[in-house]
K.L.:
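Got a structure for you, questions after.
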Amino acid sequence: MTDNKAARLQRKTYEKELLRLQTELVKLQEWVRAEGVRLVVVFEGRDAAGKGGTIKRVTEHLNPRVARIAALPKPTERERTQWYLQRYVEHLPAAGEIVLFDRSWYNRAGVEHVMGFCTEEEYRLFLRQCPIFERVLVEDGILLRKYWFSVSDTEQQERFRRRLEDPLRRWKLSPMDLESITRWEAYSRAKDAMMVHTDSSEAPWYVVESDDKRRARLNMITHLLDSVPYHEAPLPVLELPDRPPSTGYQRPPRDLQTYVPDRTAHL
């Protein structure tokens, strides 16, 4: 872990490298679309580990029709009666799509198990089925990448405190998030068991040290790009046409439409 505040990556260095990596992500996106690739990226980790911020940087310049985020709410009553993995299957990508799971089917191995939202039998069944499920995805041609964002207890506590005091980020905190503080060791044991059962050769886990958010984002994106055999896909040749001469169109009077007031005039 990078605990030393002074050792944290400087903003200027971070932003320069992030822009370079985001340019490569656009190339990855065009390759996925051109080649009909199906790419799934799973983001897991403790609350406030930096998953959401990393996902935002990954998708910042991507086409939402190609790269979409799957952040599923708690299951409905109907979904509770389905096969557990069924609700995630419908969010898997078709050809030419990237899906980033902001938390995933691993909820069962983490929060559901620790908080008692599933039975012990359901938990054990998931640990048996999950490696088989992921093997099926990979064998069917889906590129699957799984990242676990690892944050220390002291850093998580500090991030919770900042969220609690920031009105723009207060919504990120829930009573369940705060309860994770008192259940730190229980979540640690659940993560260890999850890794033992689901860290397979077909779908390995990659751990991202995330006490330094900037380093975590750059390291994760770099690893993703290095792990996918993408290349720069040829783009269609586009030329900006000349604007044709006017044919006599007259814009309607402004008073026939309702305009948003210019509040900036008073700034």
Side-chain angles (χ1 to χ4, degrees), residues 1-3 40-55 70-75 79-80 83-88 100-135 137-138 144-164 172-213 215-217 219-220 223:
M1 290 287 180
T2 307
D3 297 319
V40 171
V41 187
V42 169
F43 291 79
E44 289 288 347
R46 296 179 187 271
D47 297 316
K51 303 178 297 295
T54 304
I55 291 172
L72 277 61
K74 67 179 182 180
E79 288 171 334
R80 290 179 188 276
W83 174 44
Y84 174 71
L85 292 163
Q86 185 173 338
R87 67 193 298 249
Y88 294 98
L100 300 97
F101 280 93
D102 186 356
R103 293 199 181 277
S104 65
W105 45 90
Y106 283 102
N107 277 340
R108 175 134 297 178
V111 63
E112 289 191 16
H113 173 56
V114 173
M115 300 299 295
F117 297 153
C118 67
T119 66
E120 187 67 18
E121 182 181 356
E122 288 171 332
Y123 167 68
R124 295 294 176 188
L125 181 62
F126 171 78
L127 292 181
R128 291 197 303 271
Q129 289 185 344
C130 182
I132 301 171
F133 171 68
E134 292 179 347
R135 186 178 305 118
L137 298 185
V138 173
L144 176 61
R145 301 293 181 269
K146 304 187 304 188
Y147 293 97
W148 175 270
F149 284 71
S150 179
V151 65
S152 66
D153 52 352
T154 53
E155 180 63 24
Q156 184 195 53
Q157 186 99 356
E158 175 61 19
R159 290 177 187 177
F160 280 161
R161 185 194 63 77
R162 290 199 298 266
R163 288 180 180 183
L164 193 61
K172 291 186 175 184
L173 271 182
S174 70
M176 194 174 301
D177 294 332
L178 298 181
E179 191 164 349
S180 68
I181 296 175
T182 61
R183 296 176 183 256
W184 179 270
E185 289 192 0
Y187 273 105
S188 296
R189 294 188 184 96
K191 184 265 293 183
D192 292 344
M194 179 194 78
M195 290 287 186
V196 168
H197 286 85
T198 64
D199 186 17
S200 65
S201 58
E202 297 90 355
W205 276 106
Y206 298 104
V207 178
V208 182
E209 292 190 350
S210 62
D211 271 15
D212 184 335
K213 287 185 178 181
R215 292 184 188 275
R217 293 165 186 167
N219 288 335
M220 179 268 151
H223 183 276

K.L.:
One thing to verify: whether R103 and E44 come together as a salt bridge, which I'm taking to mean a side-chain N less than 4.0 angstrom from a carboxylate O.
P.N.:
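Salt bridge between E44 and R103, a charged N being under 4.0 Å from a carboxylate O: yes.
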
K.L.:
Please enumerate all residues that pass ring pair (Phe, Tyr, Trp, His ring centres under 6.0 Å) together with Y187, with sequence neighbours excluded.
P.N.:
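Scan of Y187 (ring pair (Phe, Tyr, Trp, His ring centres under 6.0 Å), adjacent residues dropped) gives none.
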
K.L.:
Which residues pass the side chain to side chain contact (heavy atoms under 4.5 Å, CB included) test with D177, not counting sequence neighbours?
P.N.:
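D47, F160, L173, S174.
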
K.L.:
Contact between M176 and V111 at the side-chain level, heavy atoms closer than 4.5 Å - yes or no?
P.N.:
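A side-chain contact exists here, since the closest heavy-atom pair is under 4.5 Å.
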
K.L.:
Are any of the side-chain heavy atoms of F43 and F149 separated by less than 4.5 Å?
P.N.:
yes

K.L.:
Under the side chain to side chain donor-acceptor pair (under 3.5 Å) test, which residues partner K191, sequence neighbours left out?
P.N.:
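K191 satisfies side chain to side chain donor-acceptor pair (under 3.5 Å) with no residue once adjacent residues are dropped.
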
K.L.:
Any chance the side chains of R46 and S188 put a donor and an acceptor closer than 3.5 Å?
P.N.:
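Distance-only check passes for R46 and S188.
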
K.L.:
Using side chain to side chain contact (heavy atoms under 4.5 Å, CB included) as the criterion, list what pairs up with S201, not counting sequence neighbours.
P.N.:
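S201 satisfies side chain to side chain contact (heavy atoms under 4.5 Å, CB included) with no other residue.
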
K.L.:
Any salt bridge between R124 and E121, counting N to O under 4.0 Å?
P.N.:
no

K.L.:
Identify, with sequence neighbours excluded, every residue that meets salt bridge (charged side-chain N to carboxylate O under 4.0 Å, His left out) alongside R159.
P.N.:
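Result, salt bridge (charged side-chain N to carboxylate O under 4.0 Å, His left out) vs R159: E155.
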
K.L.:
Of the non-hydrogen atoms in M220 and T54, which two are nearest, and what is the gap between them?
P.N.:
SD-CG2, 3.7 Å

K.L.:
How about Y106 and W205: are their ring centroids closer than 6.0 Å?
P.N.:
yes

K.L.:
Under 4.5 Å between any side-chain heavy atoms of I55 and F101, yes or no?
P.N.:
no

K.L.:
CZ/F133 to CG/L85 distance, rounded to the nearest 0.5 angstrom?
P.N.:
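It is 5.0 Å, given to the nearest 0.5 Å.
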
K.L.:
Would you mind listing every salt bridge (Lys or Arg N to Asp or Glu O under 4.0 Å) that reaches into residues 197-208, with sequence neighbours excluded?
P.N.:
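Matches after skipping sequence neighbours: R135-E202.
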
K.L.:
Run the side chain to side chain contact (heavy atoms under 4.5 Å, CB included) test against V138 and tell me which residues pass, sequence neighbours left out.
P.N.:
L144

K.L.:
Please list, chain by chain and in numerical order, all residues satisfying ring pair (Phe, Tyr, Trp, His ring centres under 6.0 Å) with Y206, sequence neighbours excluded.
P.N.:
Y147, H223

K.L.:
Roughly how far apart are K51 NZ and R217 CZ, rounded to 0.5 Å?
P.N.:
12.5 Å

K.L.:
What is the minimum heavy-atom distance between W105 and L137, and which atoms define it?
P.N.:
CH2-CD1, 4.4 Å

K.L.:
Using the ring pair (Phe, Tyr, Trp, His ring centres under 6.0 Å) criterion, which residues pair with H197? Sequence neighbours excluded.
P.N.:
none

K.L.:
With side chains defined as the heavy atoms from C-beta onward, is the minimum distance between M195 and V207 less than 4.5 Å?
P.N.:
yes

K.L.:
Please enumerate all residues that pass side chain to side chain donor-acceptor pair (under 3.5 Å) together with Q157, with sequence neighbours excluded.
P.N.:
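For Q157, no residue satisfies side chain to side chain donor-acceptor pair (under 3.5 Å) once neighbours in sequence are set aside.
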
K.L.:
Locate the shortest heavy-atom distance separating M194 from A109; write the atom from each residue and the value.
P.N.:
CG-CB, 3.8 Å

K.L.:
Taking all non-hydrogen atoms of both residues, which atom of A48 and which atom of R163 are closest, and how far apart?
P.N.:
CA-NH2, 3.6 Å

K.L.:
Suppose we screen for ring pair (Phe, Tyr, Trp, His ring centres under 6.0 Å). Which residues come up paired with W148, at least two apart in sequence or across chains?
P.N.:
none

K.L.:
Decide yes or no on salt bridge (Lys or Arg N to Asp or Glu O under 4.0 Å) for E79 and K74, but give the supporting numbers first.
P.N.:
CA-CA 9 Å; E79 288 171 334; K74 67 179 182 180; over 6 Å; no

K.L.:
Measuring from atom CG of L164 to atom CZ of R161, what distance do you get when rounded to the nearest 0.5 angstrom?
P.N.:
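Result: 9.0 Å between the selected atoms.
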
K.L.:
If you define the side chain from C-beta out and look only at heavy atoms, does anything of K146 sit under 4.5 Å from T198?
P.N.:
yes

K.L.:
Could you go step by step and tell me if R108 and E122 meet the side-chain contact (heavy atoms from CB on, under 4.5 Å) rule?
P.N.:
CA-CA 8 Å; R108 175 134 297 178; E122 288 171 332; 3.8 Å; yes

K.L.:
Examine Y84 together with F126 and report whether their ring centres are nearer than 6.0 Å.
P.N.:
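Yes, the ring centres sit under 6.0 Å apart.
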
K.L.:
Sequence neighbours excluded, which residues qualify as side chain to side chain contact (heavy atoms under 4.5 Å, CB included) partners of A193?
P.N.:
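Only Y123 meet the side chain to side chain contact (heavy atoms under 4.5 Å, CB included) criterion with A193.
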
K.L.:
Any chance you could lay out the side-chain contact (heavy atoms from CB on, under 4.5 Å) test for E120 and L125, step after step, and finish with the verdict?
P.N.:
CA-CA 9 Å; E120 187 67 18; L125 181 62; over 6 Å; no

K.L.:
Pair S210, Q156 - check side-chain contact (heavy atoms from CB on, under 4.5 Å), show working.
P.N.:
CA-CA 10 Å; S210 62; Q156 184 195 53; over 6 Å; no

